[in-house]
Novice: 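Here's a structure for you.
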Amino acid sequence: MTDTNTEWKKTACILCSINCGLEVQAGGEGGRHIIKIRGDDDHPVSRGYICEKSQRMDFYQNGADRLTSPMRRKPDGSYEAINWDTAISEIARKFKDIKTRHGGESILYYGGGGQGNHLGGAYADSFLKAVGNQYRSNALAQEKTGEFWVQGKMLGTGVHGDFEHCEVAVFIGKNPWHSHGFARARVVLKEIQKDPNRKMIVIDPRRSETAAMADYHVAIKPGTDAWCLAALLGIIAQEGLWAKDWVAQHTGGLDAVLPGLMAIDVAQHAKVCGVDEVLLRDVARCIAKAKSVSILEDLGLQMNVHSTLGSYLQRLIWVLTGHYGRAGTSNAPVPLLSLSKASKGESSVGANSAKRVERRSPVANAKIIIGLIPCNVIPEEILTDHPKRYRAMLIQSGNPVHSLADSQRMREALRALEVSVVVDVAMTETARQADYVLPASSQFEKAEATFFNLEFPRNVFHLRQPLFEPLPGTLPEAEIYARLVEAMGELGEKDYAPLRRALKLGRTAFALTFLAQSLRKPKVMKYAAVILYRSLGEQLPKGMASAAALWGVAQLYIQGNRKVAAKAGFGGFPIFAAERLFQALLKGRSGVVYAEADHEDSWLAVGHPGHRINLHIPELLPELDKLKHEQPKQDPDYPFILAAGERRAETSNTAVRDTAWHKRGSYGTLRINPQDAQTIGCHDGDVVRLSTRRATVEVPVELTDMMQPGNISLPNGLGLDYQQRDGQVVRKGVAPNELTDCTQRDFLAGTPWHKYVPARVSLLV
C-alpha cells in the first residue's frame, strides 16, 4: 500500500551539528517514508537554508538494518531476539551485580545522542546515577576536549565566531563548504568571497572547496598547524601588531606570554610548515589590521599533532589582536543546557546536581576534561588486570568500534567486558560486539532535540515533533531508561503519585509540588528526568512524552539566565517564566528564541576575575618553546601522511548506513596527488594497497591537485557493514579507523592524530 501525504511537516536535519530547520512530506509504503525535503523559511537560524546531506534522511529512517526487538548475544556469538521484559530485567540485574561487586566506577558510559538525538541522554543519566557511574566519554572527547580545556583556561566560557558580519574569516583545518560549523555556511562563504571589503583565510594542507574560495590559502605541510600559528603570533608580537590598549584593558598574563612570542624564529617556523614567510606576514597583518575577525578551528587541527597547543595559539591570535565581544568577532552563546555540565551528569533539575567527575582515569591516568575520558584510552582502561578497570559499558547512540581510533582494539575491549549494552536504531558495528542491543525509536518517531546552541545574539532551541509512529518493537530512550531504573528498584508508583495528583490541580501546583518533593527527597533530584517523564510526560501531546525533561531544563535555564531570557520574552517570576518557555518549546515547530544577548553579556560570561581573558596557560608554554627544536616525525617505512577522515560530498555521518542514495560520482576513494601517483605507477580509478602500522586495505585512487604531494586522504564515516533486506551484508568504502592507532594522541587531551597517520601506498601484485 502506498500513501501520499501532501502536508509539509516541520523538523530538522540530524546530519551535522547545525541542525537546519526542514519541512518534509511523508508518503511511500505505509506512509512511513520521507518523500520530499525543503528548507524551513520560518526557522530563525537556518532561514530556509538546505544542503544535499538532508536529502539522505529517509535512508536513515528506513534503513534495512533497523532493529525491532531487543537482541541478546548467545555463547556462539550469534544473536537471538528476546522480549523487552526479559531484556530489561537481565540488564538491570547484571549492572546491579557489577555495582555491588566492583562499584559504579567500573561502569563506563559512551555516547549521548550524536548530532540530533540529545533528549535520550537526559534519561540515560538517571540510569547511570542508579548504577553509580563515574566515567563517561563520547565523540566530544574524540575531537573537542583540547579546545574546550583551552577555552576554559582562557575565557571560562564557550565562544563562537560571527561569520555573517566579520571583515576577515579564518578557517583552520576546516572546510565549511562540507562540514559547515555555522549557520547557512555556503551562503555566508559566497557572501565573503564576493565582497571586496572582506577577506577569507584558510590554513589547511588541502586545497579544499573553501580554500579554493579564499583570498589567502596557507597550504601548510601536514601536521604543522602549530608552527604556522606560532609564526603568525611571532609576527604579531615582533612587529608590534597586537592591540596594546585593548589587551591591557581586557586581558591578563601578557607579561608571561610575550617573551616567548618575541623569541619565535618566524623564518624557521615558516620553513617547517612549508609556507612562504612573506605570505605569513601578509596574513598576520591582515588579521591585525581588520576591524573584525572570526576564527574557526576544526578536526584538521583538533585531530593532529600539537592539537591542544594549536587551540591555544589560534585563540592568542584573535585575543591579542582584539577580536572579542563585538559584532563580527567571537562572542559567548547562551546554551539552554551546557554540554560540559551534561557530560558530567549535571543535567538534572536543580542547582546542586551531583558532580561525579574524577580528574584522571583509573588505569591510564588520563586527564578528564568536561567530565569525559579520552576516547583513545578506552581499550587501555579495559584490557588489563588492573583492579579499577572498566567491567561494564553502556553505549547510547554511538558507534565507537567504527568511529574511534584502532577498531581492532575497540572490538577486543568490548568483548572483554563482563556486560555491554548498546541502545541504537540499527545493528551497528559496535552492536555486533555487545551482549545486549536495545532498539530505540528513530529521531523522527519521538520528540527530539539538540543542545548545540551556538548562535549569538539570539539563541534558538528547536524541539522537533515526531513525524511517524514508533516502529513496532522499538521504544524511545526515555521509556527504556525509565524501565531500567524501575527494574533496579530505584523508582516506583509512590514516587510519581504526588506529582500526578498535583498535575490535576494545574501546572503551578505541579511546579510547587516538584520543588517541595525535591527538597524532601534527594532522589527526586537524582532521577528528575524519569520522574518528569512518568508524571508530566503522560499529559503532554501524543508522541511528546520524551520532552518532559525539558521542563526541568527550562527551570534551570531561567534561574541562571534571567536577563537574556527576559529579553527573549521569558521574564517575570522564575517558575512562571520557565513554564512559558516550556510551553513555547512544545509549540514552536520551527524553534524558539530563548535568549537575546548583547556584547556586554559576552564580557560578563568571561569567567575569570574582572571578566578579563587569561593569556597565560603554563602547561602549554613549554610546548610552544619545543617547536624551535623539533619537526613532525617522519616514518621512512610509511612515507605518506594519511588524513583518515575527510569531509566530502559523499559523507555525512554514520547515522546514514544505507549507501543506496549515492548514484553518481566517486565514493570512498583514496585522494592522492598526481605526482605521487606517477611515482607509484597508478592511475585514476586504480585499486591500490594502503597500509599503516595497524592494517592494510585495498582502495581505489582519485588523482587530484587538492592534495599536496605526500599527503593522502580517506573520507570519514564509510566502510559500514550494512545488512540489506535480503540479509546480505554490504560494505562500501574503507572504515578509516581500521588504519589508525589509539596510542598516537595528544599529550594533554588525548585526542587522536587521525589527520597525521604515517602510511604506505603500493600497487596490487
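In what follows, every heavy atom counts, from backbone to side chain, and hydrogens, waters and symmetry copies are set aside. Index from 1, following the sequence.
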Novice: Taking atom types as modelled, is there a side-chain donor on S179 or K174 under 3.5 Å from an acceptor on the other?
Specialist: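 Yes, K174 and S179 have a side-chain donor paired with an acceptor closer than 3.5 Å.
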Novice: When you compare the side chains of T210 and N175, does any donor N or O come within less than 3.5 Å of an acceptor on the partner?
Specialist: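 Their side chains do contain a donor-acceptor pair, which is all the 3.5 Å distance test asks for.
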Novice: Would you kindly say whether S294 and D162 are connected by a side-chain donor-acceptor distance under 3.5 Å?
Specialist: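 On atom types as modelled, these side chains do not qualify, holding no pair under 3.5 Å.
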Novice: Is any side-chain N of the basic residue among K755 and D225 closer than 4.0 Å to the acidic one's carboxylate O?
Specialist: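 Between D225 and K755 there is no salt bridge, as every charged N stays at least 4.0 Å from the carboxylate O atoms.
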Novice: Counting only heavy atoms from other residues, nucleotides and ligands, does the tally under 6.0 Å from CD of Q408 exceed 12?
Specialist: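 Check passes, neighbour count above 12.
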Novice: For the pair Y390 and Y135, name the ring-plane relationship: parallel under 30°, tilted 30 to 60°, perpendicular over 60°.
Specialist: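 Rings of Y390 and Y135: tilted, as their planes differ by 30° to 60°.
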Novice: Using 4.0 Å as the upper bound for N to carboxylate O, is an ion pair formed by E277 and K271?
Specialist: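 Result for this pair is no, no salt bridge flagged.
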Novice: Spell out, as yes or no, whether a donor-acceptor pair under 3.5 Å connects the side chain of W149 to the backbone of I369.
Specialist: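 Side chain of W149 to backbone of I369: no pair is present.
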Novice: Could you give me the CA-CA distance, side-chain angles and deciding distance for I395 and M393, then say whether side-chain contact (heavy atoms from CB on, under 4.5 Å) is met?
Specialist: CA-CA 6 Å; I395 300 163; M393 195 168 173; 4.0 Å; yes
Novice: Taking NZ, NE, NH1 and NH2 as the nitrogens, is one of them in D721 or R731 under 4.0 Å from a carboxylate oxygen of the other?
Specialist: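 R731 and D721: salt-bridged.
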Novice: What do the steps show when you test L299 against K144 for side-chain contact (heavy atoms from CB on, under 4.5 Å), and what is the final call?
Specialist: CA-CA 8 Å; L299 306 190; K144 305 293 183 184; 4.2 Å; yes
Novice: If the test is side chain to side chain contact (heavy atoms under 4.5 Å, CB included), which one of P379, C375, C742 qualifies with M410?
Specialist: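 Among P379, C375, C742, the one meeting side chain to side chain contact (heavy atoms under 4.5 Å, CB included) with M410 is P379.
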Novice: Would you confirm whether N19, through its side chain, and C13, through its main-chain N or O, come within 3.5 Å as a donor-acceptor pair?
Specialist: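 Yes; at least one donor-acceptor contact below 3.5 Å.
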Novice: Measure from the side-chain N and O atoms of H217 to the backbone N and O of D204, and report whether any donor-acceptor pair falls under 3.5 Å.
Specialist: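 Answer holds: yes.
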Novice: Atom CZ in F148, atom CG in L140: separation rounded to 0.5 Å?
Specialist: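 Rounded to the nearest 0.5 Å, the CZ-CG separation comes to 5.0 Å.
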Novice: Is T651 reaching over with its side chain to a backbone N or O of R647, donor-acceptor style, under 3.5 angstrom?
Specialist: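 No; judged by distance alone, with no hydrogens or angles, the pair does not exist.
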Novice: Any heavy-atom pair between the side chains of H306 and L624 that's under 4.5 Å?
Specialist: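 Sidechains of H306 and L624: no contact.
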Novice: Are the charged groups of R206 and E646 less than 4.0 angstrom apart, N to O?
Specialist: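 E646 and R206: salt-bridged.
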Novice: Could you walk me through whether T145 and I370 pass the side-chain contact (heavy atoms from CB on, under 4.5 Å) test, one step at a time?
Specialist: CA-CA 7 Å; T145 41; I370 65 164; 4.2 Å; yes
Novice: Please tell me whether H118 and F452 form a close aromatic pair, meaning their ring centres lie under 6.0 Å apart.
Specialist: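 Aromatic pair counts; centres sit under 6.0 Å.
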Novice: Under 3.5 Å, is there a donor on one side chain and an acceptor on the other for Q142 and H754?
Specialist: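 A donor-acceptor contact under 3.5 Å links the two side chains.
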Novice: With distance as the sole criterion, is a donor-acceptor pair present between the side chains of Q314 and E297 under 3.5 Å?
Specialist: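 Side-chain D/A pair, Q314 to E297: present.
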Novice: State plainly whether the residues E650 and K53 are in salt-bridge range, i.e. N to O under 4.0 Å.
Specialist: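 Between K53 and E650 there is no salt bridge, as every charged N stays at least 4.0 Å from the carboxylate O atoms.
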Novice: Could you tell me the separation between the CD1 atom of I172 and the CG atom of N304, rounded to the nearest 0.5 Å?
Specialist: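 If I round to the nearest 0.5 Å, the distance is 12.0 Å.
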Novice: When you measure from the side chain of E381 to the backbone of V363, do you find a donor-acceptor pair of N or O atoms at a distance under 3.5 Å?
Specialist: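 Confirmed, E381 side chain pairs with V363 backbone.
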Novice: Ignoring hydrogens and geometry, is there a side-chain-to-backbone donor-acceptor pair from N399 to T430 under 3.5 Å?
Specialist: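 Yes: the side chain of N399 pairs with the backbone of T430.
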Novice: Would you tell me whether R657 and T428 have side-chain atoms, one donor and one acceptor, within less than 3.5 Å of each other?
Specialist: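 Distance-only check fails for R657 and T428.
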Novice: Keeping the roles fixed (side chain from S330, backbone from V159), state whether a donor-acceptor pair exists under 3.5 Å.
Specialist: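 No; judged by distance alone, with no hydrogens or angles, the pair does not exist.
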Novice: Would R760 and Y638 count as a cation-pi pair here, with the cationic atom under 6.0 angstrom from the ring centre and within 45° of the axis?
Specialist: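 That pair qualifies as a cation-pi contact.
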Novice: Looking at the rings of H616 and Y312, which for Trp means the six-membered one, are their centres under 6.0 Å apart?
Specialist: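 No, the ring of H616 stays outside the 6.0 Å limit from the ring of Y312, centre to centre.
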Novice: Does any N or O in the side chain of T679 come within less than 3.5 Å of the main-chain N or O of Q675, such that one atom is a donor and the other an acceptor?
Specialist: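 Checked: pair present.
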Novice: Are more than 12 heavy atoms, taken from residues, nucleotides or ligands other than R198, located less than 6.0 Å from that residue's CZ atom?
Specialist: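 Check passes, neighbour count above 12.
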Novice: Just checking, R186 and W177: is the charged tip under 6.0 Å from the six-membered ring centre and within 45° of the axis?
Specialist: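 Relative to the ring axis of W177, which defines the angle, R186 lies inside both limits.
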Novice: Quick check for you: to the nearest 0.5 Å, what is the distance between L748 atom CG and S311 atom OG?
Specialist: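 Nearest 0.5 Å value for the CG-OG distance: 10.5 Å.
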Novice: Within this structure, what is the CG-CG distance for the pair L670 and L642, rounded to the nearest 0.5 Å?
Specialist: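 Result: 7.0 Å between the selected atoms.
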Novice: Under 30°, 30 to 60°, or over 60°: which ring-plane class applies to Y324 and W318, parallel, tilted or perpendicular?
Specialist: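 Because their plane-to-plane angle is under 30°, the rings of Y324 and W318 count as parallel.
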Novice: Less than 4.0 angstrom from a charged side-chain N to a carboxylate O is my criterion; do E380 and R409 meet it?
Specialist: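 No.
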Novice: Decide, yes or no, whether a salt bridge links R694 with D406 under the criterion of side-chain N to carboxylate O below 4.0 Å.
Specialist: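 Looking at D406 together with R694, the answer is yes, because their closest N to O distance falls below 4.0 Å.
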Novice: Inspect the surroundings of NZ in K732 and state if more than 12 heavy atoms from other residues, nucleotides or ligands are less than 6.0 Å away.
Specialist: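 Buried by this count: over 12 neighbours within 6.0 Å.
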Novice: Do S54 side-chain atoms and C51 backbone N/O form a donor-acceptor pair below 3.5 Å?
Specialist: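 A pair under 3.5 Å: yes.
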Novice: If we ignore hydrogens and angles and just use 3.5 Å, is the side chain of D298 paired with the main-chain N or O of G173 as donor and acceptor?
Specialist: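 Flag not set: sc D298 to bb G173 has no pair under 3.5 Å.
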Novice: Go through it in stages, so that I can follow the logic: the residues are D635 and R693, the test is salt bridge (charged side-chain N to carboxylate O under 4.0 Å, His left out), and I'd like the CA-CA distance, side-chain angles, deciding distance and then a yes or no.
Specialist: CA-CA 10 Å; D635 187 335; R693 291 203 176 273; 2.9 Å; yes
